[in-house]
Protein chains: 2
Amino acid sequence: MIKLSKKIEYGILALQYIAIHSDKIISAKEISEQMGIPYEFLSKTLQQLMKKGLIQSQQGIKGGYVLSKKPSDLTVKDIIIALEGKASFLDCFVSSKGLVCDRSPNCTIKNPMERLQSKVMQVFGTTTIEEIAAN
Amino acid sequence: MIKLSKKIEYGILALQYIAIHSDKIISAKEISEQMGIPYEFLSKTLQQLMKKGLIQSQQGIKGGYVLSKKPSDLTVKDIIIALEGKASFLDCFVSSKGLVCDRSPNCTIKNPMERLQSKVMQVFGTTTIEEIAAN
DNA sequence: ATTATATCCGACTATTGTAATCCGATTTTT
DNA sequence: AAAAATCGGATTACAATAGTCGGATATAAT
């Protein structure tokens, strides 16, 4: 299905929340309670965003997360790639050289689908957290 | 994941094949063999596309499928909606009035996500089978 | 008429991916 | 030392996708 996963949904919600409350450091617990997101799952998601450098973490009591970049420099595309590693419509595009799809190299939809995908990615790449936070 | 399902992939491949060979009626078997798609699964998909009026069928020996519309009037969006009933990123947008998401009506990402979705849908809605068949 | 080849249709199964949970370890402030 | 937070792996539960099976119906050719 052409649907965003819960992980990405939670990621967007969390980053939006952190962006709005950028004056202080935000814990996973606070986001979980305020946004109604399962704590454990959210923690995993935040850790993943932290590993990919989208946010920075502070351990220990009074710890939490802050954004690494300005909300205007943080796009939905960044979030998708951080949380799913790739962002490809069909298996054909997963690896740029290693062709996975069994129709390759004579796949009749590879080129047009690649064009379609890059158009969609451009939409994701130009939608920022700043814009989302502004509503 | 932001991925197209196999059903949609097969649907696009099949419609492309039918569009290219529009001089004759095309059976599911032929598409299955030529495109390397599981026959039973493809049949189901074609029947679904037929029910939604994207293609027309002819039963019996020498039967098969032809397009209902011109390839230039048939979009990827049409195919997604025909095969998945909806085309929405988050559960919020499934029903226009009945709010499904538990954050509603105070969801902080509903509006921006709705805008994002309509942009993506516009991309799908302007990508035609004709364009895909042309490669 | 019979046969061959096709669509049609529902039910079923197998596999995969998502979503969520559990448990413990580490870090840091109080 | 205790409390509150991040870290991290392993595991489970559930849902959706992908694929299969068996039979019914339709139609053209023989």
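Everything numeric here is computed off the predicted structure, so don't read it as measured data. We name chains A, B, ... by the order of the sequence lines, and we start the count at 1 in each one. The analysis underlying the following values was restricted to heavy atoms, covering all of them including side chains, and did not include hydrogens, waters or symmetry mates.
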(request) Take atom CD of B:E9 and atom P of D:dA18, then tell me their distance rounded to the nearest Å. (result) 9 Å
With a 3.5 Å cut-off and sequence neighbours excluded, list the donor-acceptor pairs that the side chains of residues 47-55 of chain B form with protein atoms.
residue : atom : partner : partner atom : Å
B:Q48   : OE1  : B:K7    : NZ           : 3.2
B:Q48   : NE2  : B:L83   : O            : 3.3
B:K52   : NZ   : B:A82   : O            : 3.2

Pull out every protein N or O sitting under 3.5 Å from an N or O of nucleotides 8-14 of chain D, one pair per line with the distance.
residue : atom : partner : partner atom : Å
D:dG9   : O6   : A:K44   : NZ           : 2.4

(message) Between the side chains of B:K44 and B:E40, is the shortest nitrogen-to-carboxylate-oxygen separation below 4.0 Å, so that they form an ion pair?
(response) no
(message) Listing request: all salt bridge (charged side-chain N to carboxylate O under 4.0 Å, His left out) pairs with a residue in residues 8-20 of chain A, at least two apart in sequence or in separate chains.
(response) A:K6-A:E9, A:E9-B:R103
(message) When you compare the side chain of B:M35 with that of A:T108, does any pair of heavy atoms fall below 4.5 Å?
(response) yes
(request) Could you name each residue pair satisfying salt bridge (charged side-chain N to carboxylate O under 4.0 Å, His left out) that touches residues 59-69 of chain B, not counting sequence neighbours? (result) B:K69-B:D78
(message) If the threshold is 4.0 Å, N to carboxylate O, is there a salt bridge linking B:E84 and A:K3?
(response) no
(message) If the cut-off is 4.0 Å, is A:S5 near the phosphate of C:dG17, judged by side-chain N/O to OP1 or OP2?
(response) no
(request) Answer with yes or no whether the hydrophobic clustering places B:L46 together with B:L67; edges join I, L, V, M, F, W, Y residues whose side-chain heavy atoms lie under 4.5 Å apart. (result) yes
Please write out the pairs of protein N or O atoms and N or O atoms of nucleotides 3-6 of chain C separated by less than 3.5 Å, giving the distance to one decimal.
residue : atom : partner : partner atom : Å
C:dT5   : O2   : B:I61   : N            : 3.2

(request) Find the distance B:L83:CG to D:dA18:C1' and express it as a whole number of Å. (result) 14 Å
(message) Nearest whole Å is fine: how far is D:dA5 C1' from A:K24 NZ?
(response) 15 Å
(request) Provide the full list of ring-ring contact (aromatic ring centres under 6.0 Å, His included) pairs with a residue in residues 34-54 of chain A, sequence neighbours left out, each pair given once. (result) A:Y10-A:F41
(message) Distance check needed: D:dA18 C1' versus B:L4 CG, whole Å only.
(response) 15 Å
(message) Distance check needed: D:dA4 P versus A:L46 CG, whole Å only.
(response) 20 Å
(message) From CG of A:L42 over to C1' of C:dA20, roughly how many Å is that when rounded to an integer?
(response) 12 Å
(request) Round to a whole Å and report the spacing from OH of B:Y10 to P of D:dT17. (result) 14 Å
(request) Please report the shortest heavy-atom distance between B:T75 and B:G125, naming the atom on each side. (result) CG2-O, 3.1 Å
(message) How many whole angstroms separate atom CZ of B:F41 from atom C1' of C:dC9?
(response) 16 Å
